[in-house]
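I have placed the structure first, in the form of structure tokens, so that the comments after it can refer back to it.
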Amino acid sequence: MSTEARSNFLKTQIQSDLDAGELSHLVTRFPPEPNGFLHLGHAKSITVNFELAKQFGGRCHLRFDDTNPEKESQIFIDAIQEDVRWLGYQWDGEVRYASSYFQQLYDWALHLIDEGNAYVCDLSADEAREYRGSLVEAGRDSPHRTRSVAENRDLFERMRAGEYPDGSRVLRAKIDMASPNINLRDPILYRIRKAHHHQTGDAWPIYPTYDFAHGQEDAIEGVTHSICTLEFEDHRPLYDWFIEHLPVPSRPRQIEFARLNTSYTMTSKRKLKQLVDFEVVEGWDDPRMPTIAGLRRRGYPPAAIRHFCEEVGTSRSDSIVDVAMLESAVRNQLNIEAPRAMAVLNPLPLTITNREAAEVLAVANHPGDESMGTRSVPFTPELYIDAADFREEANKKYKRLVIGKRVRLRGGYIIEADRCDHNSAGEVSHVYARVIEGTLGEDPPDGIKAKGVIHWVSATAGLSAEIRCYDRLFTDPNPGKTEDVMTVLNSQSLVRLEHAVIEPVLATAAAEAIYQFEREGYFVADRYDHSSDRPVFNMTIGLRDTWSDPHG
RNA sequence: UGGGGUGUCGCCAAGUGGCAAGGCAGCGGGUUUUGAUCCCGCCAUUCGCAGGUUCGAAUCCUGCCACCCCAGCCA
């Protein structure tokens, strides 16, 4: 996986900027508004910004773009920091806030007024929209556009002093109401909003807009490359306009890339909120959610998410990445780091008829990594195997247990099935088999080899566990396009197996510990619900399955 | 009908005038006490389309076509 060398337009651009000698080092930033939980799309942005800084020996800031207090809260500030750290990144210095630059921003607004580049406008929101024109028609100048510098200054200072009601006036840049770029039609710089701010309290009755704040925040922090998503492309002329018209300490540059879209997932906050509100999922960190907290609870390793973002690459073309690529990154990572263990998801009792005593087997924790050691697995006369691993009769392609045939118990002996019982419904309810002696770690003395290998757990020493099997939340490859999310839900996205049986060592699993349950998949001890008394595992992802037999 | 973008394999994506990387998916085969992993092989005479420039074009020019974004006192 040598993706480090892969080039993309951002690296190329930064390298050439560095080569031009105008910059001594790269500074990037991840600037979320603390108004919700981070999701996969944010993970992409985080990876892009932090990895770029790492690769070029620069720094990356974490800055909360908190210019709209009504939508924000401390809860998100805390959660976002936890998510960024969990992903494996540490921002340079202290956490930063746009709100700590409010005074500077205000002074700069005054500067624009003094230079005749900004004015206070009394138009209502509706009137302003009307004056703005349309995509194909030029806008008209506001009647307040010609106010004197002195009057603008007085009005703006009074706005700041809290003399006017919310929405009654705004401060606007004086640019061009006929610009084909609507962002340049006298954009709003400040609005009156007598709202309590999570950082600044009641100090400010006016708040700067994103457009007036973002570039200046970058300039204050010495950010060299302000990397954002494509929809801000039209804002770049405005971003540059402020940098040119203000005495800012540095000249950051905005570069846009295409946001990450992944098939069968959706990142619309509004729609995701519906799933939470209607209890389709158990919360923002439900293992099926595309939130960082959800991916975490699902058992996706942070390294896998980082690798996925790197492998997807960064470009400017809109795209939908196949979620199989994410799943591949997860399997790749987990194959390396997850110790192996056995769990029977759909238990079928099996009695070893030629054994009476229990035995303890030493089984490797990882087939390819001896340093992970071995563990003790109790082998007893009464076992459970998975119902899917036994058939009374089967064709040659079936490499599991069949009456009269042999199979190896993973990490243990080869057994041969003799007979089985049925329940009233005619289903197999119990299997009886014999150990072939001399097959522990050896091929059978008689030369008749086993058909395959199946996993098992001691019925007497094993523990009952709840296993939650997850599947994709949506049935549509592009659920984001659908207006009503309820119509594209996968009703089978969660299947609870309440009667699974796991080997004893798994009771000691720490919360968030991830194992491969051999032949099944990767499972994580639930962050909140798992305990040694009541083990609960979430299926992170199944093993790749290339067995083509349709009826399993 | 305005402005800004994007179009390279089923899905991502390198490529910046010298003769189409890589990953995912898929398909063959080998190893295997996980039908996993691992290993080996196959998978774009062609780069949205049509012209043009050039010894030579995915890369330059012209014209079309398709898709995405923009009319919040959201970010």
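Order of the sequence lines sets the chain letters (A, B, ...), proteins ahead of strands, with each chain counted from 1.
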(request) Indicate whether A/W547 forms a stack on B/rG35; treat it as stacked only if centroid distance is below 5.5 angstrom and interplanar angle below 30 degrees. (result)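 Yes, A/W547 stacks on the base of B/rG35.
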
Identity of whatever pairs with [N] - Watson-Crick or G-U, under 3.5 angstrom:
N: B/rC19; answer: none
N: B/rG2; answer: B/rC70
N: B/rG51; answer: B/rC61
N: B/rU45; answer: none

Length of the line joining [X]:[atom1] and [N]:[atom2], which is rounded to integer Å:
X: A/R129; N: B/rA71; atom1: CZ; atom2: C1'; answer: 9 Å
X: A/Q516; N: B/rU37; atom1: CD; atom2: P; answer: 10 Å
X: A/N8; N: B/rA13; atom1: CG; atom2: P; answer: 11 Å
X: A/I336; N: B/rC38; atom1: CD1; atom2: P; answer: 9 Å
X: A/F232; N: B/rG3; atom1: CZ; atom2: P; answer: 23 Å
X: A/K399; N: B/rU31; atom1: NZ; atom2: C1'; answer: 12 Å
X: A/E327; N: B/rC12; atom1: CD; atom2: P; answer: 16 Å
X: A/W456; N: B/rU34; atom1: CH2; atom2: P; answer: 15 Å

N or O in side chain of [X] less than 4.0 angstrom from [N] OP1/OP2:
X: A/R132; N: B/rC73; value: yes
X: A/R316; N: B/rC12; value: no
X: A/R331; N: B/rU37; value: no
X: A/S319; N: B/rC11; value: no
X: A/S317; N: B/rC12; value: no
X: A/R259; N: B/rU6; value: no
X: A/T209; N: B/rG72; value: no
X: A/S315; N: B/rA14; value: no

From [options], nucleotide with atom closest to [X] side chain:
X: A/A125; options: B/rA14, B/rG5, B/rC73; value: B/rC73
X: A/V136; options: B/rG2, B/rA36, B/rA14; value: B/rG2
X: A/R6; options: B/rG22, B/rG15, B/rA36; value: B/rG22
X: A/N68; options: B/rC74, B/rG23, B/rC12; value: B/rC74
X: A/R519; options: B/rG35, B/rA71, B/rC24; value: B/rG35
X: A/V170; options: B/rG3, B/rC73, B/rG35; value: B/rC73
X: A/V312; options: B/rU34, B/rA71, B/rC12; value: B/rC12
X: A/I182; options: B/rU16, B/rG35, B/rC70; value: B/rC70
X: A/E518; options: B/rG10, B/rU34, B/rA75; value: B/rU34
X: A/R191; options: B/rA75, B/rC38, B/rA25; value: B/rA75

(message) Does the structure place the NZ or CZ of A/R172 under 6.0 Å from the centre of the six-membered ring of A/Y119, at an angle of no more than 45° from the ring's axis?
(response)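 No, A/R172 does not sit over the ring of A/Y119.
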
(message) Whether A/R193 engages the ring of A/Y207 as a cation-pi pair (distance to the six-membered ring centre under 6.0 angstrom, angle to the ring normal within 45°) should be assessed.
(response)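 No, A/R193 and A/Y207 do not form such a contact.
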
(message) Nearest heavy atom decides the nucleotide; on that basis, is A/Y413 or A/A324 closer to the 5' end of RNA chain B?
(response) A/A324

(message) I want to confirm an ordering. Mapping A/C121 and A/N181 to their closest nucleotides on RNA chain B, which one lands closer to the 5' end?
(response) A/N181

Looking for any heavy atom pair under 4.0 Å, which part of the strands does [X] touch: base, sugar-phosphate only, or nothing?
X: A/S179; result: nothing
X: A/P367; result: base
X: A/L326; result: nothing
X: A/H214; result: nothing
X: A/T314; result: sugar-phosphate
X: A/L238; result: nothing

(request) Specify the glycosidic conformation (syn or anti) of B/rG72, with syn defined as within 90° of 0. (result) syn

Using the [atom1] atom as the point on both nucleotides, what is the distance between [M] and [N], in whole Å?
N: B/rG7; M: B/rU46; atom1: C1'; result: 15 Å
N: B/rA75; M: B/rU53; atom1: C1'; result: 46 Å
N: B/rA21; M: B/rC43; atom1: P; result: 11 Å
N: B/rU8; M: B/rG48; atom1: C1'; result: 10 Å
N: B/rC67; M: B/rU62; atom1: P; result: 24 Å
N: B/rA25; M: B/rC38; atom1: P; result: 10 Å
N: B/rC27; M: B/rU6; atom1: C1'; result: 32 Å
N: B/rA20; M: B/rA14; atom1: C1'; result: 10 Å

On the side chain of [X], is there an atom forming a donor-acceptor pair with the base of [N] - under 3.5 Å, no angle test?
X: A/R544; N: B/rG35; answer: no
X: A/R340; N: B/rU34; answer: yes
X: A/H455; N: B/rA36; answer: no
X: A/D234; N: B/rG3; answer: yes

Using a cut-off of 6.0 Å, state whether more than 12 heavy atoms not belonging to [X] lie near its atom [atom1].
X: A/R375; atom1: CZ; answer: yes
X: A/K405; atom1: NZ; answer: no
X: A/E370; atom1: CD; answer: no

Below 6.0 angstrom between ring centroids: does that apply to [X] and [Y]?
X: A/W456; Y: A/F379; answer: yes
X: A/F308; Y: A/Y300; answer: no
X: A/F232; Y: A/Y210; answer: yes
X: A/Y97; Y: A/F64; answer: yes

(request) Pick out which of A/R408, A/R406, A/K451 makes a salt bridge (Lys or Arg N to Asp or Glu O under 4.0 Å) with A/E416. (result)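 One option only clears the test, and that one is A/R406.
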
